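One structure is given below, encoded as structure tokens.
Heads up: numbering here begins at 1 and tracks the sequence. Small disclaimer: the values here were computed from a predicted structure and weren't measured.
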Amino acid sequence: MTTIRFFIGLDDTDAPDGMCTTWLGTLLANLLEKTGMRVLSARLVRLNPTIPYKTRGNAAISLYVRGDPDYAFTLACDLVSRYAAFPCENTNPGVVVSIRRIPSDFYWQAVLGHCRIDEARAVLQRYALLFQGYKNGRGLIGATAAVCSEFPDYTWEYLAYRYQNRLFAPRMVDTDSLRSSEDLTRPHTWDTWDYDQNGPVCIPHTPDPVLYGIRGDAPFSVAHAVSVIQSEPVDMARIWMTNQGTDAHLVAYQKGPLTEGVSYLIKGKVHEIPRTSTGGHVFFPLDAGDQTIRCMAFEPTKKFRDIIRSLRPGDVILAAGSYVKNALNLEKIYVFLADPVVTIRPPVCLVCQKRMTSAGSGKGYKCRRCGNRERESEQIIEERTISPGWYEVPPGARRHLSRPLARGQVDPDPSYLPSSRRSTHRSG
């Protein structure tokens with residue numbers, strides 16, 4: 001058996017109502033280890049969250065293995081053929097094996113923008129040892145991006161998987177133990193429990209193999225959190241290195257038209273008082289210098305909408321979100337400046353208690369009823385309920401890639417973004 005180091009990637013094996021690519025990756029890793037191969041690392045790679053044909057969370061996986069790449073490829077293709085959700089129209093798996101490290105440009109394109117199937121095939125024909133696409137082969141995009149992924153920043157997720165005979169049974173996880181788990185390990189873990197909604201957010205709602213997922217800053221942190229969770233028996237589990245919680249999908253906006261399906265970090269001034277539309281969605285225009293951008297906080301963001309409602313014209317903010325259907329769907333904001341709002345209006349007449357009117361430019365105010373005059377206007381100072389700092393959506397509404405504040409405060413400067421620290425090499 002040939003023994004060398006190689007990368008193997010999988011994507012697009014799941015469907016909205018079942019299966020999971022990370023489960024298939026875990027099964028593949030376990031079987032490779034049983035043959036004597038060594039899995040040196042396992043990556044869960046989230047890609048552009050706005051892609052319309054994603055099945056669920058737009059995740060691919062890659063394994064870095066020491067062993068026989070031909071056997072690993074054959075085994076992976078066999079597992080895909082047996083378990084992928086082929087009846088789903090949007091399920092189009094891809095398997096990639098590469099000995100060479102593929103330049104990371106394709107990964108960044110898949111995280112920050114859009115990739116075509118023919119672009120993936122062109123990269124694979126140049127760099128890959130073996131690859132296989134099923135149906136229209138779209139999964140080759142994610143599998144390629146996974147094997148060439150670059151993580152300037154990363155987190156970890158412990159994923160526990162159910163026995164196959166329990167997939168359609170209610171998940172049995174003690175919710176009190178989930179809250180205890182996060183109480184014990186935060187801020188080193190996050191998004192296990194939503195304290196505002198008083199419920200768990202780490203348990204899927206579809207009949208896929210995942211029992212729960214615990215996210216954190218180190219393998220020890222997530223393993224420690226899992227040690228207190230009480231649940232039904234776990235079939236398999238694996239700790240994945242991941243780009244989740246890193247803001248890897250955000251691009252620092254400079255100027256010019258925004259691109260549909262790209263996620264941005266945009267500095268600007270609030271142009272108008274936020275308004276609430278039918279359905280509870282909150283929106284306002286943001287003056288970004290060369291254009292005004294519609295910003296949206298949707299109903300599922302819950303209390304975050306109250307933060308948005310408290311903004312006032314002139315507030316300087318940094319807005320993070322995905323640009324979809326001509327609006328920036330907000331994930332979080334940073335408030336630079338929120339000065340007290342001063343409203344000026346005519347004073348009340350001290351004689352007859354009626355509101356005065358202007359007596360003319362520079363002439364003060366006059367009471368129409370009694371003729372009394374005043375020079376000074378009435379000033380109403382609105383004390384603000386918002387102050388400089390970061391504000392984010394609740395855990396249940398957070399995108400997988402969005403960096404939670406639990407990971408610590410970062411300077412409101414685009415230099416913190418992983419995309420600003422990407423490698424400069426090119427594959428062209």
Side-chain angles (χ1 to χ4, degrees), residues 1-15 19-29 31-32 35 37 39-48 51 53-55 58-86 88 90-111 113-150 240 243 425-428:
M1 181 174 70
T2 304
T3 302
I4 57 176
R5 296 188 179 197
F6 62 92
F7 301 91
I8 184 166
L10 302 176
D11 188 31
D12 208 7
T13 66
D14 60 346
M19 247 307 281
C20 176
T21 298
T22 68
W23 175 85
L24 199 59
T26 296
L27 180 60
L28 174 61
L31 293 175
L32 291 177
T35 67
M37 298 192 205
V39 176
L40 304 172
S41 71
R43 287 190 172 191
L44 192 172
V45 183
R46 297 284 178 181
L47 305 175
N48 187 339
I51 296 299
Y53 43 74
K54 66 182 181 180
T55 45
N58 205 16
I61 69 97
S62 71
L63 306 173
Y64 186 41
V65 183
R66 188 173 65 196
D68 184 346
D70 293 290
Y71 179 80
F73 178 74
T74 300
L75 179 58
C77 289
D78 178 62
L79 293 177
V80 168
S81 297
R82 291 169 58 191
Y83 293 110
F86 285 110
C88 177
N90 279 342
T91 299
N92 302 277
V95 181
V96 170
V97 170
S98 179
I99 297 171
R100 303 166 63 187
R101 181 176 289 278
I102 301 174
S104 61
D105 300 67
F106 190 84
Y107 161 74
W108 286 110
Q109 183 180 343
V111 174
H114 300 260
C115 298
R116 301 191 311 270
I117 300 170
D118 64 303
E119 291 175 320
R121 289 186 180 275
V123 171
L124 294 173
Q125 287 166 0
R126 181 172 182 181
Y127 291 101
L129 175 66
L130 300 161
F131 63 92
Q132 175 67 53
Y134 297 80
K135 296 168 68 175
N136 72 14
R138 188 180 291 126
L140 291 174
I141 295 174
T144 305
V147 299
C148 69
S149 60
E150 175 184 52
W240 297 88
N243 59 352
H425 58 248
R426 294 289 179 265
S427 59

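- When every heavy atom of G25 is checked against every heavy atom of I61, the shortest pair comes out as CA-CD1, 3.8 Å.
- Between the side chain of K135 and the main chain of P93, no donor-acceptor pair closer than 3.5 Å is present.
- Distance alone, capped at 3.5 Å, is enough to place a donor-acceptor pair between the Q109 side chain and the H114 backbone.
- For the pair F6 and S98, the minimum side-chain heavy-atom distance is 4.5 Å or more.
- Proximity of a side-chain donor or acceptor of T91 to a complementary backbone N or O of A85 within less than 3.5 Å is detected.
- Inter-residue side-chain proximity for Y134 and C77 is flagged as met; some heavy-atom pair is nearer than 4.5 Å.
- Aromatic ring pairs are classed by plane angle as parallel below 30°, tilted from 30° to 60° and perpendicular above 60°; the pair F7 and Y64 is parallel.
- The two residues G142 and L47 have their closest heavy-atom pair at CA-CD1, 3.6 Å.
- Checking side-chain atoms of R43 against main-chain N and O of A60 turns up no donor-acceptor pair under 3.5 Å.
- Looking only at distances, no side-chain donor or acceptor of D14 sits under 3.5 Å from a matching main-chain atom of T21.
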message = side chain to side chain donor-acceptor pair (under 3.5 Å), that's the test. Do Y53 and N136 meet it? Break it down for me.
response = CA-CA 12 Å; Y53 43 74; N136 72 14; over 6 Å; no
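- In this view, A42 and L63, R238, W240 satisfy the side chain to side chain contact (heavy atoms under 4.5 Å, CB included) rule, not counting sequence neighbours.
- Although no hydrogens or angles enter the test, the distance criterion places no donor-acceptor pair under 3.5 Å between the side chain of T13 and the main chain of A84.
- What you find for I8 and A72 is that their closest heavy atoms are CD1-O, 3.7 Å.
- No side-chain heavy atom of V97 sits less than 4.5 Å from a side-chain heavy atom of F131.
- Under a 3.5 Å cut-off, the side chain of D12 and the backbone N or O of N92 do form a donor-acceptor pair.
- Judged purely by atom type and a 3.5 angstrom limit, N48 uses its side chain to pair as donor or acceptor with the backbone of G113.
- Looking at E119, its side chain does come within 3.5 Å of a backbone N or O of R116 through a donor-acceptor pair.
- Side-chain polar atoms of Y83 and D78 form no donor-acceptor pair below 3.5 angstrom.
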